[in-house]
Amino acid sequence: MILNSLNPAQQEAVRAPLGHQLILAGAGSGKTRVLTHRIAWLIEMEKISPFNILAVTFTNKAAHQMRSRVESMLDIPSKSLWIGTFHGISHRFLRTHWQEAGLPQSFQILDSDDQFRLIRRVINALNLDEDRFPPKEAQWFINAQKEEGRMPEQVEPRDITGQTLIRIYQGYQETCQRAGVVDFADLLLKTYQLMQTNATIRAEYQKRFRCLLVDEFQDTNTIQYAWLKAFAGEHNSVMIVGDDDQSIYGWRGARIENIQRFSKDFPGASVVRLEQNYRSSAIILKAANAIIAQNSSRLGKNLWTDGKDGEPITVYAGFNDIDEAFYIVNRIRDCQKNHFALRDTAILYRSNAQSRVIEEALMQFGIPYRVYGGLRYFDRQEIRDALAYLRLIANRSDDPAFERIINTPPRGIGDRTLVSIRELAKTAGITLWAALEQLLQQKHFSARAEGALLSFVALMNSLSEQSASLTLHKQVELVLSASNLIDHYRKEKGEKGLTRVENLEELINAAHQFTQEGVQDDMPPLAAFLAYAALESSDEQAETYEDCVQLMTLHSAKGLEFPIVFLAGCEEELFPHYMCMNDPKSLEEERRLCYVGVTRAMRKLYMTYAECRRMHGKESYHRPSRFLNEIPAELIEEVRFRTNVSRPRPLANTYRPESQGKFRIGQEIQHRIFGEGTVVDCEGDGDEMKVKVRFANVGTKVLLAGYLEGK
DNA sequence: CGGGAAAAGCTTTTT
DNA sequence: GCTTTTCCCG
């Protein structure tokens, strides 16, 4: 096998004899290459069957990437090779062992929105005050407990509130069980529990997976660690790859200590450090190293490169957030002139709210951009409605799906009716559907409500009957037309309704594509499609080939790289964020986040801040981020030149003449993309004039006059 | 039931 | 401040 393309440390990792291995892989040190080469090595040189290998990642994207690279390296179909996310693998496991896990065969996956609604229902059913026990907090509590592997009985209540939270957890868990649904955490937890309690299954899997590989190990939480130990058993080889300096998910339960624990729990583990970086210039690496060196309790690593110094880091001090945005946009235009593609530039920020000002600036100059991490296709309201119909077809017990569509589109089933159904379901301990049927039999409802309910039952029954003989996409088509969802959303005025109808129609295509591509061996197509929607919907929107500037949070930038990176909002209170500044542990996590951001840049890094920024509606003044001070001065080129000094923010009561050049306040205008709107403010004159317009469909935007037409 | 007004968030996010 | 959700009334 040819390993010439790997450096000595990488080769050491790939060629290591069977046994445990800890790979400390710095940013840009080629960890994915090491992982994929290792898998290939195991198969080719150690003669391990792909059937005996399990590779685990956190995201579907990483899993797909790994699979396709292994496939192209080995030139074998990798179907027998298990590569997937913790959740995806657990799901597959539970689909096989549903009986042993005490689940119905058709169990469905609850996503976080469903989970939230269900928890709220439980809180109400327990007659608790939503203000005293916010569903969000209860959801947080429940997920945190599950991530620690604790069932309701195992939680030690701290106080009275804790006791109530446990009751909510208990009620929630019972409802899930009754409805035959599992949440994301359950996938891991139930898998782990089954491995613990069922000796036969444990023996089977421990015998099967002789080699386990885990990517991004610094992001594992308690249950994932326990899960891994359960699968590894006493005799199998485990290779973990991670970077303690890139652990940025402590707030959602990731345990950085898991890396340190690994050497204790997996005896004889060899350690390999990958420190040669192939991504960034020497200056960028020096800055990154200097920042992360401020953190204590690191495993220790120093990135180096044999590449050039490169350009200094430009630090720009903006006058305000708008000025900062204009500076960034102007530099992007420079890059364009220097023949960089727009997709080579990324603007990274700490919090999503920062994107708005930057987007407005980009829009004014007509620069195409893409914001990552928006609402995903399968998370859209209309899509979830349609999926809820499908879920209820597959499983009448699915209470969350029932709640969602019982009156969507509106069919005259009001709150009153629903309350009595919920009441019976609660007291009798049955599902909503069963309660509904029982109440109908008892002639419990008024004539009007009864009619509406009967037609709903008839609709669902006829859908079930008809769809039994249909292909998946025909089923979707049938649901869309029979449920009237499309008509319902068509009535929604403006562009919103139109997009929703388009999205719904797209669902038919998605279903069609799904049946053609992903023939999931052992599952009925509908169940497989629903699981796909819940578990793997994320990279659906991922690859758009249009050349545009990439906007995203620092968190979602992890794992990516860009020739040119702007790190915006480098101010105290924003980055580090004010909620993380007082606790040393979370401050260190902020610093790691900064390290992640800096190491995304390949050739040029800009770090910008604003002296004055609007936050939560108030103008606030902040000092530059401490992280800027942690970078040695000789690596930095400071810019204080203000691109837009003559652009003070207009005061609310300042008198402005009615007419200024081409547009005046109150005028109706037309925009090529945004449609019709009314001018609410303007500034400057000629084509350079900035016009604030309230559009009918897309809200208020500030635009250059050159892009507008009067009516 | 639908639309408008009032009120409540408001760090990061994958599965 | 802005946006999303909830609430209340016709």
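Just so we're on the same page: letters track the sequence lines, and every chain starts at 1. Side-chain atoms are counted along with the backbone in the values below, which use heavy atoms only and exclude waters and symmetry mates. These numbers were taken from a predicted model, which means no experiment stands behind them.
- Taking only side-chain nitrogens and oxygens, A/S556 comes nearer than 4.0 Å to OP1 or OP2 of B/dT13.
- Within the 4.0 angstrom heavy-atom criterion, only backbone atoms of the sugar-phosphate kind lie near A/K136; the bases stay farther away.
- Backbone-only engagement by A/N407 is indicated by non-hydrogen atom pairs under 4.0 Å involving sugar-phosphate atoms exclusively.
- Across all strands shown, A/R411 has heavy atoms under 4.0 Å from sugar-phosphate atoms exclusively, and none from any base.
- Within 4.0 Å (heavy atoms only), A/Y578 reaches sugar-phosphate atoms of the nucleic acid but no base atom.
- Side-chain contact annotation: A/E216 with A/Q218, donor-acceptor N/O pair under 3.5 Å present.
- The ring of A/W98 has its center no closer than 6.0 angstrom to the ring center of A/F107.
- Put simply, A/N352 has a side-chain N or O that comes within less than 4.0 Å of OP1 or OP2 on B/dT12.
- For the pair A/Y249 and B/dT14, the criterion of a side-chain N or O lying under 4.0 Å from OP1 or OP2 is not met.
- Considering only side-chain N and O atoms, A/R120 lies under 4.0 angstrom from the phosphate OP1 or OP2 of C/dT6.
- For the C1' atoms, the distance linking C/dC2 with B/dT13 amounts to 22 Å, nearest Å.
- Residue A/R448 is out of contact with every strand shown, counting any heavy-atom pair closer than 4.0 Å.
- Nucleic acid contact class of A/G414 (heavy atoms, under 4.0 Å, all strands): none.
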